[in-house]
2 protein chains.
Amino acid sequence: MEQIPEELKGLLGKPELQLGIGDLAHVTGVSQSQLRYWESKNYIQSIKTSESKNRKYSLKTIGEVHFIKNFLDEGFTLTAAVKKAEKRKEFINFMRKVIIDRFEALTEVDGHPAIDLGPLEGQSDQNIFAILIDQEIILRLLPAK
Amino acid sequence: MEQIPEELKGLLGKPELQLGIGDLAHVTGVSQSQLRYWESKNYIQSIKTSESKNRKYSLKTIGEVHFIKNFLDEGFTLTAAVKKAEKRKEFINFMRKVIIDRFEALTEVDGHPAIDLGPLEGQSDQNIFAILIDQEIILRLLPAK
DNA sequence: CGTGTAAGGAATTCTGACACG
DNA sequence: CGTGTAAGGAATTCTGACACG
């Protein structure tokens, strides 16, 4: 068994993970001029360090832009899309927290790679493991080691 | 209950998520000249599209660079660090698969946000839910809806 | 309102060479 | 081997203006 490196878990919440405007535009399919306009209206934020004049975007913002874009594509106005995306943000944060808090350790079960997801409620001696068997993920309850 | 948008899950495996060399250097703490050298030795790959001469790096490569960097910091030679990182890659892919395959739906349990992680092995009528209660994640076994 | 474009300057990245060791 | 730097050119991003609607 080995610990999941802090760096790996951290990647998902790391404020250091940031993209330039070209990369964000590419990932999300939102144009650079849209991104600049949205920022001018305070719908999204970019990071500007004192050393650089160029925009950087955090992983959090990548998610926000994604959601806004999706609502736009569904036919909402920009302001409506922003509002709807706001609510989705809570869920993104939640997902990230599950990953960061719950992917406790990499291990093996019967020779298969597995992630220890920690104890099941009310059974502190039994943990849930996600196990990779034949390219399928299976959830199994096993004694905590 | 709402489906976890494909885009959100896809973000983690998306080939479109790519960083420039400056951003990768910033996230990982590895210098640009190191990244170029590692690529010249085929330890890592970058994406070069026909339109651009500049390097782009995938999320997969971000993870690889992270691991190599960590082993370097622990005192391994570059070639040893590359070999050790190679093995870790399997685990990264596995973690990603768990997230993509198992974060089935966003829902609520007793008014708390929750993620349906799917059935527990051998109990196809009972699913494991990750529930956010007081900033803590709890795993609970509940009837699948 | 929301997005695109042309323009000129600023910041970033490119390659190949060379230094150090 | 593995990394850094100075150099000049190429690609990217910047802002403010203007167009369209």
Side-chain angles (χ1 to χ4, degrees), chain A residues 15-59 61-62 64-86, chain B residues 15-59 61-62 64-86:
Chain A
E16 288 82 17
L17 180 43
Q18 44 190 246
L19 274 69
I21 195 170
D23 295 325
L24 181 60
H26 181 248
V27 184
T28 58
V30 174
S31 74
Q32 296 193 15
S33 54
Q34 281 177 299
L35 291 171
R36 292 196 188 97
Y37 178 70
W38 296 2
E39 184 178 346
S40 78
K41 305 294 279 185
N42 273 104
Y43 297 152
I44 58 173
Q45 261 89 49
S46 73
I47 306 157
K48 292 219 190 180
T49 57
S50 47
E51 314 103 58
S52 166
K53 290 186 66 182
N54 289 14
R55 272 168 259 256
K56 297 294 174 187
Y57 300 92
S58 67
L59 192 60
T61 304
I62 300 175
E64 291 169 11
V65 171
H66 242 292
F67 283 131
I68 295 173
K69 161 71 169 168
N70 285 124
F71 290 124
L72 278 184
D73 288 349
E74 287 174 21
F76 291 96
T77 63
L78 180 57
T79 47
V82 168
K83 274 190 190 170
K84 288 181 75 73
E86 185 73 21
Chain B
E16 288 82 17
L17 180 43
Q18 44 190 245
L19 274 69
I21 194 170
D23 295 324
L24 181 60
H26 182 248
V27 184
T28 59
V30 173
S31 74
Q32 294 194 16
S33 53
Q34 281 177 299
L35 291 171
R36 292 195 189 97
Y37 178 69
W38 297 2
E39 184 178 347
S40 77
K41 305 293 280 184
N42 272 105
Y43 297 151
I44 59 171
Q45 261 90 50
S46 75
I47 306 156
K48 292 219 188 178
T49 56
S50 48
E51 313 103 58
S52 167
K53 289 186 66 182
N54 290 13
R55 272 168 261 255
K56 296 295 175 187
Y57 299 92
S58 68
L59 193 60
T61 303
I62 301 174
E64 290 168 12
V65 171
H66 241 292
F67 282 131
I68 295 173
K69 162 72 169 169
N70 285 123
F71 289 124
L72 278 184
D73 287 350
E74 288 175 19
F76 291 98
T77 62
L78 180 57
T79 47
V82 168
K83 273 189 190 171
K84 287 179 77 70
E86 185 72 23

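Just so we're clear, the structure is a prediction, and the values are computed from it rather than from any experiment. Numbers restart at 1 for each chain; the letters A, B, ... are given by sequence-line order, proteins then strands.
- Look at A:Ser31 and you'll find a side-chain N or O under 4.0 angstrom from OP1 or OP2 of C:dG4.
- For the pair A:Ile21 CD1 and C:dT3 C1', the interatomic distance rounds to 13 Å; values are reported in whole Å.
- In the set C:dG2, D:dC14, C:dC14, the nucleotide with an atom closest to the side chain of A:Leu78 is C:dG2.
- When the nucleotides D:dT3, C:dG4, C:dC14 are ranked by their closest atom to the side chain of B:Trp38, D:dT3 comes out on top.
- Pairing of D:dA10, defined by two Watson-Crick or G-U wobble distances under 3.5 Å, is identified with C:dT12.
- For the pair B:Lys48 and B:Arg55, the minimum side-chain heavy-atom distance is below 4.5 Å.
- Atom P of nucleotide C:dG2 and atom CG of A:Asn42 are separated by 14 Å, given to the nearest angstrom.
- When rounded to the nearest whole Å, the span between CZ of B:Arg36 and P of D:dA6 equals 14 Å.
- Using a 4.5 Å heavy-atom threshold, the side chains of A:Leu19 and B:Leu17 count as touching.
- Residue order along DNA chain C, read from the 5' end via each residue's closest nucleotide, puts A:Gln32 first among B:Gly20 and A:Gln32.
- Between B:Lys48 and the phosphate of C:dT15, there is a side-chain N or O to OP1/OP2 separation shorter than 4.0 Å.
- OP1 and OP2 of D:dT3 both lie 4.0 Å or more from every side-chain N or O belonging to B:Ser33.
- In this structure, the nucleotide among D:dG2, D:dT5, C:dT3 sitting nearest to the side chain of B:Tyr43 is D:dG2.
- Between B:Tyr57 and B:Asp23 the shortest side-chain heavy-atom distance does not fall below 4.5 Å.
- Remark: C:dA17 base-pairs with D:dT5. Criterion, Watson-Crick or G-U wobble with two distances under 3.5 Å.
- Take the nearest nucleotide of DNA chain D for B:Gln34 and for A:Asn54: the residue whose nucleotide is more 5' is B:Gln34.
- Rounded to whole Å, the distance from CD1 on A:Ile44 to C1' on C:dT3 is 14 Å.
- As a whole-Å value, the separation of B:Leu24 CG from C:dT12 P is 16 Å.
- For the pair B:Lys56 NZ and C:dC14 C1', the interatomic distance rounds to 13 Å; values are reported in whole Å.
- Distance, A:Lys53 NZ to C:dG8 P: 17 Å, rounded to whole Å.
- Dashed line: the shortest gap from a side-chain N or O of B:Arg55 to OP1 or OP2 of C:dT15 is under 4.0 Å.
- Shown here for A:Ala25 and A:Gln32, the closest heavy-atom pair between the two residues is CB-CG, 4.1 Å.
- Listed pair A:Tyr37 / C:dG2 meets the phosphate criterion, a side-chain N or O lying under 4.0 Å from OP1 or OP2.
- Note: CG (A:Leu19) to P (D:dT12) measures 15 Å, nearest angstrom.
- At a threshold of 4.5 Å between non-hydrogen side-chain atoms, the residues B:Leu72 and B:Val30 do not count as touching.
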